[in-house]
Q: 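Have a look at this one before I ask anything.
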Amino acid sequence: QVQLVESGGGLVQPGGSLRLSCAASGFTRDLSTIGWFRQAPGKEREGVSCIHSRDDITYYTYYLDSVKGRFTISRDNAKKTVYLQMNSLKPEDTAVYYCAASTALWYSTNCIYNPRGKYAYWGQGTQVTVSS
């Protein structure tokens, strides 16, 4: 079993920054991909970013078009933690952010646009509110 715990959300003004963390515990050895998703009130959940690696040497990262250049995903294997650094935040970034884990490898933006239910583990979410 795998547990994921997100943290780092909060209230920030437009143009500000936040860093979300996703800490994994349990049987994490076979997890190849960690993704970040978000859901705003009244909207469907959407993929934001994902990071995966087959060998823990080469990493592949993918981003939602609207966050490219503003968000950066990274991972610290020693801490079993994946981060989402969010800069230049906009009001439309307001949502509950979830991290999710999968044993699948997509090597494409399908990890966020079309994951087809392959993320087996999900965190409880952390609220991000961008408002003045």
Side-chain angles (χ1 to χ4, degrees):
Q1 191 70 315
V2 174
Q3 295 80 40
L4 302 174
V5 178
E6 302 97 335
S7 61
L11 173 65
V12 64
Q13 291 187 342
S17 298
L18 283 173
R19 189 178 77 158
L20 305 184
S21 299
C22 172
S25 62
F27 191 73
T28 61
R29 195 178 108 178
D30 293 332
L31 296 179
S32 302
T33 299
I34 300 292
W36 283 98
F37 295 79
R38 67 186 182 187
Q39 188 165 22
K43 294 187 176 181
E44 291 188 357
R45 186 175 63 198
E46 66 178 352
V48 176
S49 181
C50 83
I51 183 168
H52 54 221
S53 175
R54 188 174 58 187
D55 55 11
D56 282 341
I57 298 174
T58 303
Y59 291 93
Y60 301 85
T61 59
Y62 302 93
Y63 297 93
L64 179 69
D65 284 346
S66 63
V67 307
K68 282 181 183 176
R70 299 189 297 122
F71 290 11
T72 303
I73 191 170
S74 61
R75 62 193 288 168
D76 184 331
N77 289 332
K79 295 183 178 179
K80 294 186 178 181
T81 300
V82 172
Y83 303 98
L84 186 68
Q85 178 67 44
M86 306 187 296
N87 298 329
S88 302
L89 283 162
K90 304 176 181 180
E92 51 264 43
D93 295 318
T94 295
V96 178
Y97 283 70
Y98 302 88
C99 66
S102 173
T103 57
L105 288 165
W106 286 265
Y107 295 112
S108 76
T109 53
N110 280 338
C111 67
I112 52 175
Y113 285 112
N114 189 24
R116 295 194 173 186
K118 291 185 178 180
Y119 285 94
Y121 307 100
W122 290 81
Q124 82 290 347
T126 185
Q127 177 71 47
V128 171
T129 302
V130 185
S131 175
S132 55

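Computed from heavy atoms alone, side chains included, the values below leave out hydrogens, waters and symmetry copies.
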Q: Minimum heavy-atom separation for A101 and L31, please, with both atom names.
A: CB-CD1, 3.8 Å
Q: Can you spot which of Y97, Y98, W122 makes a ring-ring contact (aromatic ring centres under 6.0 Å, His included) with F37?
A: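 In the set Y97, Y98, W122, the residue that makes a ring-ring contact (aromatic ring centres under 6.0 Å, His included) with F37 is W122.
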Q: Out of curiosity, E46 CD to Q39 CD, how far, rounded to the nearest 0.5 Å?
A: 9.5 Å
Q: Kindly give the heavy-atom pair with the smallest separation between L20 and G9, and that separation in Å.
A: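 Closest approach of L20 to G9: CD2-N, 3.6 Å.
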Q: Is it true that D93 and K90 make a salt bridge, defined as a side-chain N closer than 4.0 Å to a carboxylate O?
A: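 Looking at D93 and K90, the cut-off is not met.
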Q: Is there a side-chain contact between L11 and S131 (heavy atoms, below 4.5 Å)?
A: yes
Q: Same cluster or not: W106 versus I112, using hydrophobic residues (I, L, V, M, F, W, Y) connected whenever any side-chain heavy atoms lie under 4.5 Å apart?
A: no
Q: Using every non-hydrogen atom in the two residues, find where S132 and P14 come nearest and quote the distance to one decimal.
A: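 Closest pair (atom of S132, atom of P14, distance): N-CD, 3.7 Å.
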Q: Is a side-chain donor-acceptor pair under 3.5 Å present for D55 with S53?
A: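 S53 vs D55: donor-acceptor pair found between side chains.
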Q: If hydrophobic clusters are built from ILVMFWY residues whose side chains come within less than 4.5 Å, do Y83 and V48 share one?
A: no
Q: Okay, side chain of E6, backbone of Q124: is any donor-acceptor separation there less than 3.5 Å?
A: yes
Q: For H52, which of Y119, Y59, Y62 qualifies under ring-ring contact (aromatic ring centres under 6.0 Å, His included)?
A: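 Passing option: Y62.
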Q: V96 and V82: same hydrophobic cluster, using ILVMFWY side-chain contacts below 4.5 Å?
A: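 No: no chain of side-chain contacts under 4.5 Å links V96 to V82.
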Q: Looking only at heavy atoms, what is the nearest atom pair of C22 and I34, with distance?
A: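 Looking at all heavy atoms of both residues, the shortest contact is SG-CG2, 4.5 Å.
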Q: Is T61 reaching over with its side chain to a backbone N or O of I73, donor-acceptor style, under 3.5 angstrom?
A: no
Q: Can you tell if the side chain of L84 reaches within under 4.5 Å of the side chain of R38, non-hydrogen atoms only?
A: no
Q: Is it true that a side-chain atom of T94 and a backbone atom of V130 form a donor plus acceptor pair closer than 3.5 Å?
A: yes
Q: Quick check on the 6.0 Å ring-centre criterion: do Y60 and Y107 meet it?
A: yes
Q: Mind checking whether S17 and Q85 have side chains closer than 4.5 Å, heavy atoms only?
A: yes
Q: Are I51 and Y113 linked, directly or through intermediate hydrophobic residues, by side-chain heavy-atom contacts shorter than 4.5 Å (ILVMFWY only)?
A: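 Per the 4.5 Å side-chain linkage, Y113 and I51 are co-clustered.
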Q: Say you draw a straight line from OG1 of T129 to CG of L89; how long is it, rounded to the nearest 0.5 Å?
A: 10.5 Å
Q: Identify the heavy atoms of L18 and G8 that sit nearest to each other, and give their distance.
A: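 Closest pair (atom of L18, atom of G8, distance): CD2-O, 3.7 Å.
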Q: Please find the pair of heavy atoms, one from S21 and one from W36, that lie closest to each other, and give the distance.
A: O-CH2, 3.6 Å
